[in-house]
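Both backbone and side-chain heavy atoms feed into the values below; hydrogens, waters and symmetry mates do not. Throughout, protein chains are lettered first and strands after them, A, B, ... in sequence-line order, and every chain is numbered starting at 1.
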Amino acid sequence: MTWLKIKDAFTADPGVELTIKGWVRTKRDSKADGGLSFIAVNDGTCFDPIQVVARHDLPNYEEIAKLNTGCSVEVDGVLVESQGKGQSVEIQATAVRVIGWVQDPDTYPASNKRHSFEYLREVAHLRTRTNTFGAVARVRHTLSQSIHRFLDDQDFYWVHTPIITGSDCEGAGEMFRVSTLDFMNIPKTDDGQVDFSQDFFGKESHLTVSGQLNVETYCSSLSRVYTFGPTFRAENSNTSRHLAEFWMVEPEIAFADLEDDVELASGMLRACASDLLETRMDDLEFFNLRIEKGIIDRLKMIVESPVKTITYTEAIKIIEGCNEKFEYQVKWGSDMQSEHERYLCEKHFKQPVAVINYPKDIKAFYMRLNDEGTDGAPGRTVAAVDILVPGVGELVGGSQREERLDVLDARITEMGLDIDDYWWYRDLRKYGTVPHAGFGLGFERLVQFCTGMQNIRDVIPFPRAPRQAEF
RNA sequence: UCCUCCGUAGCUCAAUUGGUAGAGCGAGCGGCUGUUAACCGCUAGGUCACUGGUUCGAGUCCAGUCGGAGGAGCCA
């Protein structure tokens with residue numbers, strides 16, 4: 001008797017004897033032929049549960065009749081073509097062993113009924129037993145594998161940048177403090193400040209908001225590198241597309257410009273969509289039917305024409321010239337509002353859009369300063385890119401980096417930052433500087449984009465957000 | 001953090017002008033059926049988020065607190 005994963009049982013030859021192990025999704029009983037039970041069993045290896053037919057002549061049939069949603073079982077049996085509709089094959093059970101009962105079926109949180117996503121967030125330890133969260137988990141895994149494979153195929157090295165950082169110059173938002181100081185007895189310096197020299201690292205330290213600055217150092221010797229790991233933002237954000245802890249993919253390429261950067265992001269999206277369509281159709285069909293109609297067509301569109309590139313200056317003209325009513329006006333020099341970004345990718349282009357060359361005053365210090373008059377812009381721009389996608393908004397933020405030390409220093413000073421904090425980052429420009437570019441892709445936003453899931457808290461196993469750190 | 005809406009049974013929601021709580025699903029028991037969002041009958045299940053106020057009387061009105069959702073800002 002071979003133990004098969006349920007996904008493999010579905011494709012095994014009828015007549016084969018097998019064992020499967022999993023959790024009961026539903027059970028239906030019939031009095032026909034002296035009594036039999038139809039038990040749908042799922043082990044997470046594929047979307048569909050397999051139907052087990054248990055007859056009354058099994059020695060423990062009385063016990064089997066008491067099974068309900070959530071119980072764990074081991075089933076021996078023979079794979080046969082199904083007599084009923086709704087499935088091609090099923091298992092005629094020769095033995096059903098109950099491994100774990102559901103102790104209180106009346107209050108079992110993942111019972112066989114529709115639940116709201118808000119409720120399931122409160123029982124995140126059990127929500128992967130539902131169709132939706134099982135499918136999200138598999139898609140998330142596949143996307144993660146796709147990214148690693150795509151980058152490995154293109155000779156990128158995965159660099160494990162630190163989670164804890166002593167650098168306070170990452171500049172991408174509020175940071176969580178990391179400390180072993182005793183809250184009840186905080187050491188102070190003579191002038192009344194917290195004495196961080198007595199803290200674990202001998203200086204202030206935080207959870208990283210981005211691995212970019214670290215990964216740029218590896219880029220300046222290994223040429224093509226990326227980080228893919230958790231990042232943290234202590235912003236009090238309460239939206240369906242922000243988390244306090246999220247995973248970010250940050251590639252960095254040497255001897256490259258902004259165009260190469262957009263090309264890389266576009267290729268990565270294409271690889272992700274293509275792999276999903278090839279390997280996770282069962283889950284995609286569920287998302288297409290129950291979560292967002294048209295999600296499969298969207299992924300096919302990504303494979304064919306991933307990203308359309310326009311300049312910020314063009315984007316502003318499109319928004320100013322359209323008939324749409326917006327709550328906020330746009331004007332060159334200010335950041336686009338969510339509603340404008342949504343209009344561009346959801347209504348005007350109806351596909352992912354890379355907006356490049358933003359005004360320098362609304363972007364970070366490390367982004368490369370463009371020449372005066374680039375794309376006929378009325379002011380100075382930097383070689384930055386935001387990739388906007390339907391349903392999610394900003395999926396990718398990136399730029400060509402400023403490789404000229406004098407220009408970089410001027411930008412640091414202009415933005416009121418302390419140049420001494422950037423000593424090691426500036427060394428990269430002093431010693432063999434090269435043009436390079438990179439981007440950050442919000443991994444959960446990618447999962448949202450590929451599944452149609454509305455809330456980012458439902459595409460990460462255990463979401464961390466303001467007032468949410470259970471589990 | 002700001003704006004809007006919402007907290008009633010295990011879950012999803014009702015409850016008229018303020019008059020002491022109801023359905024569906026789920027669960028238990030029974031019936032029927034190669035069933036599959038199964039169907040039919042019966043049963044159990046409630047500190048109406050919390051605290052205070054108005055009132056003869058509050059799930060309902062008022063204030064505050066806590067929690068949740070949607071949108072905005074910050075961004076990925």
Checklist line | Atom-to-atom span, CD of A:Glu327 to P of B:G71 - whole angstrom | finding: 13 Å
Notebook entry, point to check: OP1, OP2 of B:A72 versus side-chain N and O of A:Arg342: anything below 4.0 Å?
Noted result: yes
Margin query: Just to be sure I understand the rule, does A:Phe246 reach a base, reach only the sugar-phosphate, or reach nothing, if contact means heavy atoms closer than 4.0 Å?
Written below: base
Next item on the list: Kindly say if A:Gln468 contacts the phosphate of B:G68, meaning a side-chain N or O under 4.0 Å from OP1 or OP2.
Entry: yes
Check: Which base, if any, makes a Watson-Crick or G-U wobble pair with B:C5, both distances under 3.5 Å?
Finding: B:G68
Notebook entry, point to check: To the nearest Å, how far apart are A:Tyr328 OH and B:G73 P?
Noted result: 6 Å
Next item on the list: Calculate the interatomic distance between A:Gln337 atom CD and B:C3 atom C1'; express it in whole Å.
Entry: 15 Å
Checklist line | Length of the OH-P vector between A:Tyr108 and B:A27, whole Å | finding: 11 Å
Notebook entry, point to check: Does B:G73 have OP1 or OP2 sitting under 4.0 Å from an N or O in the side chain of A:Ser338?
Noted result: yes
Notebook entry, point to check: Within the structure, does a side-chain N or O atom of A:Asn455 lie under 4.0 Å from either OP1 or OP2 of B:G70?
Noted result: yes
Next item on the list: Check the distance between B:A76's P and A:Met336's CE and give it to me in whole angstrom.
Entry: 14 Å
Next item on the list: Using the six-membered ring wherever Trp is involved, compare the ring planes of A:Tyr358 and A:Tyr312 and label them parallel, tilted or perpendicular (cut-offs 30° and 60°).
Entry: tilted
Item checked: Whole-Å distance separating the CD atom of A:Gln103 from the P atom of B:G28 -> 14 Å
Notebook entry, point to check: Mind checking the P distance from B:C62 to B:U55? Whole angstroms is fine.
Noted result: 16 Å
Next item on the list: Nearest whole angstrom, please: distance from the P of B:G70 to the CG of A:Asp458.
Entry: 9 Å
Check: Would you call A:Arg127-A:Asp458 a salt bridge at under 4.0 Å N-O?
Finding: yes
Next item on the list: Check whether any side-chain nitrogen or oxygen of A:Ser111 sits under 4.0 Å from OP1 or OP2 of B:C11, and answer yes or no.
Entry: no
Next item on the list: State whether A:Arg467 places a side-chain N or O below 4.0 Å from either non-bridging phosphate oxygen (OP1 or OP2) of B:G68.
Entry: yes
Margin query: Looking at A:Arg28 and B:C39, is any side-chain donor or acceptor paired with a base atom of the opposite kind under 3.5 Å?
Written below: no
Margin query: Which is more 5' along RNA chain B, the nucleotide nearest A:Arg241 or the one nearest A:Arg457? Just name the residue.
Written below: A:Arg457
Check: Is A:Ser240 touching bases, backbone alone, or none of the nucleic acid, heavy atoms closer than 4.0 Å?
Finding: sugar-phosphate
Next item on the list: Have a look at A:Gln87 and say if it touches a base, only the backbone sugar-phosphate, or nothing, with a 4.0 Å heavy-atom cut-off.
Entry: base
Check: Which value, in whole Å, describes the distance between the P atoms of nucleotides B:G53 and B:A58?
Finding: 12 Å
Item checked: Any strand: nucleotide that pairs with B:C61 via Watson-Crick or wobble, under 3.5 Å -> B:G53
Next item on the list: Assign A:Val249 to base, sugar-phosphate, or nothing according to its heavy-atom contacts below 4.0 angstrom with the strands shown.
Entry: nothing
Check: Which part of the nucleic acid, if any, lies within reach of A:Asn112 when heavy atoms closer than 4.0 Å are counted: base, sugar-phosphate only, or nothing?
Finding: sugar-phosphate
Margin query: Quick check on B:A69: is either OP1 or OP2 less than 4.0 Å from any side-chain nitrogen or oxygen of A:Arg121?
Written below: yes
Next item on the list: Nearest whole angstrom, please: distance from the C1' of B:A76 to the CG of A:Leu388.
Entry: 12 Å
Next item on the list: Tell me what A:Leu243 touches on the nucleic acid: a base, only sugar-phosphate, or nothing, going by heavy atoms under 4.0 Å.
Entry: base
Margin query: With a 4.0 Å limit, can you tell me whether A:Asn238 has a side-chain N or O closer than that to the phosphate oxygens OP1/OP2 of B:C2?
Written below: no
